[in-house]
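One structure is given here, and the rest of the page talks about it.
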Amino acid sequence: MSQIQTSDTLILEITSSGKVGLGALLRAMFTAGWYNLKMMAIDWFVIFTVIVQPLLFAFLAVFLLKGKGAEFPLISIVVGSGMVGIWGGLLFSSAFNLEGERWIGSLEYIVASPTPLGPVITAKTASNVLTSFVSMSACYALAAALLRVPITIANIPAFLLAVLVALASLLCFGMLLAPLFAVNLMMTSWANALEFPVYILGGFLFPISLLPGWTNPLSYILAPYWACRAMRAAATGGEGMWAEISLSIAVMAILSAVYVILSFWLFRVVLRRLRERALLGMQ
Amino acid sequence: MSTICIKNIHHTYISKSGIFGRKRKEVEALKGISFTVNEGEIFGLLGPNGAGKTTMVKILITLLIPSSGSATVLGYNVVSDAAKLRPLIGFVLGGERGVYWRLSGRENLRYFADLYGIPPAESSKRISQLLELVGLSKRGDDKVEGYSRGMKQRLHIARCLLHNPRILFLDEPTLGLDPVGAREMRSLIKQFQEEGRTIFLTTHYMFEADELCDRVAVISKGTVAALDSPRELKRFVADLHVIECEVYGILPRQIERIKTIASVTDVAIRDEDGTQRVFIHTKEGGAAMPRVISILEDTRVGNINLREPTLEDAYVRLVGGEID
Amino acid sequence: MATPFTNFRIFWQSAYLSYKALFRWFSPISYASSKVIMPLFQLIFFTFLGTFATGAENAPFFLIGNSVLAVAINGIYGVSMTVGMERRQGTLPYLFGTPANRLFLFSGRAVVHIFDGMVGAGISLLAAVLIFRLDLSATNPLAFALTILITSASTAAMGLLLGSLSLVTLNVMFFNNTIYFLLLVLAGVNLPLEMLPGWARIISQGLPLTRGLAAARMIVAGSGLGDIWWLLVQELGIGAIYFTIGYIAFSLFEREAKKRGTLEAY
């Protein structure tokens with residue numbers, strides 16, 4: 001062990017409120033997301049959620065729904081089972097990212113740093129969602145090539161736009177979920193219970209018009225529902241495509257704003273609770 | 001000038017048990033703690049397990065909100081000014097948890113450097129220096145899962161120095177380290193003091209507190225039992241002699257009999273590997289020795305000696321024989 | 001030493017411990033979440049998907065399939081985690097240190113889950129009747145209960161195999177999830193077997209649940225024990241095969257672990 005050069009010149013990028021500046025915040029988020037990817041790449045649970053499960057779902061859905069013909073084309077099935085995978089990834093990462101830090105024992109060190117917890121967790125969730133998306137796209141391309149089924153997208157630019165907005169709004173939804181799961185530590189066990197309701201309400205593989213009318217408002221406040229609608233519209237094309245896409249995007253924008261505001265408030269409440277009850281660490 | 005100022009801190013928590021979590025019990029971990037820590041000193045918080053040492057540390061590092069009372073660190077209130085205080089302090093909560101096992105040591109430091117807003121131009125250099133300081137430069141690029149416990153603890157030390165904090169909080173910094181590792185850790189802590197940092201540490205190793213600390217506070221059952229320099233605390237037991245013996249399995253009734261010897265004031269036992277160490281405080285020097293030997297007649301005794309009191313003996317007296 | 005009585009006791013003690021572990025693992029809330037709500041919404045999802053795809057008249061197919069599948073939540077996740085938990089808690093060395101009969105020790109871990117799995121199937125079936133008006137008027141309740149019991153047992157045997165696997169790999173959840181989803185897709189739960197391609201049909205014949213579920217469907221349609229007993233025997237046989245493989249794996253692991261001293265390592 002040698003002598004350390006105490007660097008008195010060290011100036012942290014911190015504002016007068018004690019929080020990191022914007023540049024430093026973005027850097028911290030990038031590092032958090034990148035390292036999360038590095039750690040996740042060897043996690044089999046993630047591999048299941050983003051590869052095995054959507055593939056089995058697509059298999060099931062293709063076999064069941066292939067008789068529907070033009071009413072529910074193959075691309076709709078692909079988009080729907082893709083949403084299944086993305087929702088699974090988003091749900092479990094937002095439920096466990098925060099709890100995982102507690103398990104590792106790093107939550108206390110993060111909370112005590114000048115970088116707010118919310119962005120760190122969001123960055124990790126973002127990296128999870130992005131992985132789900134990329135790996136699933138690759139899976140479908142592969143499946144299409146192997147099965148010699150052409151996957152046709154009606155309007156590629158519109159589809160890319162829909163995908164981008166969808167991912168962003170799903171991420172905002174994840175921002176809301178993460179502190180929600182930390183409100184009560186028992187909540188993580190509810191993650192299982194929340195998986196299928198969103199498959200149902202999101203209209204991923206069958207229209208929500210089949211559901212009892214009183215459930216429709218629940219679908220309307222879920223970003224996954226609109227994300228699926230936007231992507232499906234762009235993929236299948238036809239008249240009224242842009243109207244459908246613009247409506248979905250507009251609703252997603254509004255919902256995202258609401259999610260983010262609620263998320264900021266919830267993170268505050270939750271952190272305060274954890275600090276009062278000594279629950280940041282695990283003893 | 002006092003760097004840390006603690007006024008009448010209470011902390012109560014609710015412990016739940018039972019299948020439905022319905023058996024609630026209020027536990028008062030801290031019952032009115034007050035003291036101050038001066039700038040540049042090494043301050044030790046001593047006490048048996050469960051005395052509230054870690055609770056106190058977590059309050060000071062803004063991770064726990066006390067039930068009542070107030071505390072300031074560097075003039076900032078630990079509850080209302082938490083955000084402003086956080087960049088100025090560094091801490092290690094002891095043990096090997098809290099680092100990412102699937103990342104390398106260097107990546108762990110990079111992550112926390114970014115969380116503390118250290119400019120990228122500085123951080124690489126600084127991380128290398130710190131890895132060097134804690135003796136991890138050769139293993140810095142290996143995944144942490146392959147590190148020994150001591151290496152993980154040293155990585156934590158490097159982490160807490162990243163942002164060059166003026167105060168360090170170290171909770172049981174040598175717990176679980178081998179003797180050589182513990183000694184290196186102590187010399188690092190002294191070095192931090194020489195660099196002008198204030199150090200607040202908790203430990204239950206008395207010789208460690210004696211060697212390192214300028215002042216110590218002993219907390220027992222949630223209150224401060226004593227607060228002074230190790231030298232002054234030792235004076236507290238200056239009237240005593242200590243018979244220290246190594247035994248292999250002492251029986252409770254033998255302890256009770258030793259306690260009945262008129263000159264004996266306290267008896268404490270510490271379990272070690274396969275043996276026990278019994279500390280007998282007596283007011284009349286070696287005079288009690290023959291009685292002790294006769295009580296221990298049918299017990300295997302390693303060595304037995306009479307010595308001057310140490311800080312540990314002062315501690316034994318303060319916490320009433322409860323060592324661990 | 002190992003009298004029948006001792007073995008019986010080891011069996012029930014093992015069962016009792018696994019029951020306690022079950023309740024520590026599943027607090028009442030997470031029990032409700034994993035055992036009631038999750039299967040319920042799964043049932044709803046697949047029933048809507050199935051009727052959308054193939055017509056409302058097929059609702060009973062999906063309702064029965066997903067109700068019977070509920071036994072697999074205990075059989076697969078519950079059982080394998082009970083074994084896996086021993087390892088996490090470090091109690092395995094103590095277990096292997098005892099002279100207790102391994103067979104009873106091993107199978108005792110599954111027994112509570114077999115009955116709890118039946119409860120799970122019952123809850124789902126009740127929901128199917130209440131929400132989707134599933135018609136059970138032609139069903140012989142005793143024959144149905146027996147079928148569920150046997151199916152629950154054979155999925156629990158699969159769970160024991162996965163549990164043994166959990167002693168050597170940390171990724172048991174990956175295998176659990178994969179097997180559970182294979183059941184969902186290939187055991188005739190949501191896709192009639194005759195719709196499957198040839199290779200998938202071969203896999204489905206090797207899975208637990210496939211025959212038990214087929215029997216359950218026949219009973220709801222009005223068949224009696226006389227018509228389905230052969231399916232049940234086959235289902236039991238499949239369970240016995242998984243149980244035997246699981247038990248051999250468990251024993252092999254014990255021997256290997258003792259030799260290498262890796263019982264606690266993970």
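Below, chain A is the first sequence line, B the second, and so on; all start at residue 1. The analysis underlying the following values was restricted to heavy atoms, covering all of them including side chains, and did not include hydrogens, waters or symmetry mates.
Counting only N and O atoms by type, the side chains of B:Thr72 and B:Asn77 include no donor and acceptor under 3.5 Å apart. There is no side-chain donor-acceptor pair under 3.5 Å between A:Glu276 and B:Tyr13. A donor-acceptor pair shorter than 3.5 Å can be found between the side chains of B:Ser137 and B:Glu132.
Annotation: maximal heavy-atom pairing with chain B below 4.5 Å, among A:Gly23, A:Pro119, A:Ala32, A:Ala24, occurs at A:Ala32. No other option in A:Leu107, A:Thr31, A:Ile14 has as many heavy-atom pairs under 4.5 Å with chain B as A:Thr31. By number of non-hydrogen pairs under 4.5 angstrom with chain B, the leading residue of A:Ser17, A:Ala112, A:Ala28 is A:Ala112. Your options are B:Val92, B:Leu63, B:Ile61, and the one with the most heavy-atom pairs under 4.5 Å with chain A is B:Leu63. Ranked by heavy-atom pairs shorter than 4.5 Å toward chain A, the options B:Ala83, B:Pro66, B:Gly117, B:Ala82 are led by B:Gly117. In terms of non-hydrogen atom pairs under 4.5 Å with chain A, the most contact-rich of B:His163, B:His11, B:Lys125 is B:His163.
Of the two parts of B:Pro120, the backbone and the side chain both hold a non-hydrogen atom closer than 4.5 Å to a non-hydrogen atom of chain A. Interface remark: B:Ala113 contributes no atoms to any contact with chain A (heavy atom separation under 4.5 Å). Contacts between B:Leu88 and chain A at a heavy-atom distance below 4.5 Å are absent for every atom of the residue. Only the side chain of B:Phe112 comes within less than 4.5 Å of a heavy atom in chain A; its backbone stays farther off. Contact of B:Leu131 with chain A is not made at all, since no heavy-atom distance falls under 4.5 Å. Heavy atoms of B:Val99 lying under 4.5 Å from chain A belong exclusively to its backbone. With a 4.5 angstrom heavy-atom cutoff, A:Ser16 touches chain B only via backbone atoms.
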**OP:** Take B:Thr174 and B:Glu208 through the test side-chain hydrogen bond (donor to acceptor under 3.5 Å, both in side chains) and record every step on the way to the result.
**Re:** CA-CA 9 Å; B:Thr174 59; B:Glu208 185 166 290; 2.6 Å; yes
Original post:
Should B:Ser104 and B:Asp142 be marked as a side-chain hydrogen bond (donor to acceptor under 3.5 Å, both in side chains) after you check the CA-CA gap, both sets of side-chain angles, and the distance that decides it?
Top reply: CA-CA 5 Å; B:Ser104 71; B:Asp142 296 351; over 6 Å; no
**OP:** Just do the side-chain hydrogen bond (donor to acceptor under 3.5 Å, both in side chains) check on B:Arg86 and B:Thr62 with the steps written out, would you?
**Re:** CA-CA 7 Å; B:Arg86 283 168 179 170; B:Thr62 76; 2.8 Å; yes
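Between A:Phe181 and A:Phe96, a ring centre-to-centre spacing not shorter than 6.0 Å is recorded.
Partner of B:Val79 under the side-chain contact (heavy atoms from CB on, under 4.5 Å) criterion, chosen from B:Leu64, B:Ile65, B:Ile59: B:Ile65.
Of the possible donor and acceptor atoms, one in the side chain of B:Asp178 sits under 3.5 Å from a partner among the backbone N and O of B:Gly181.
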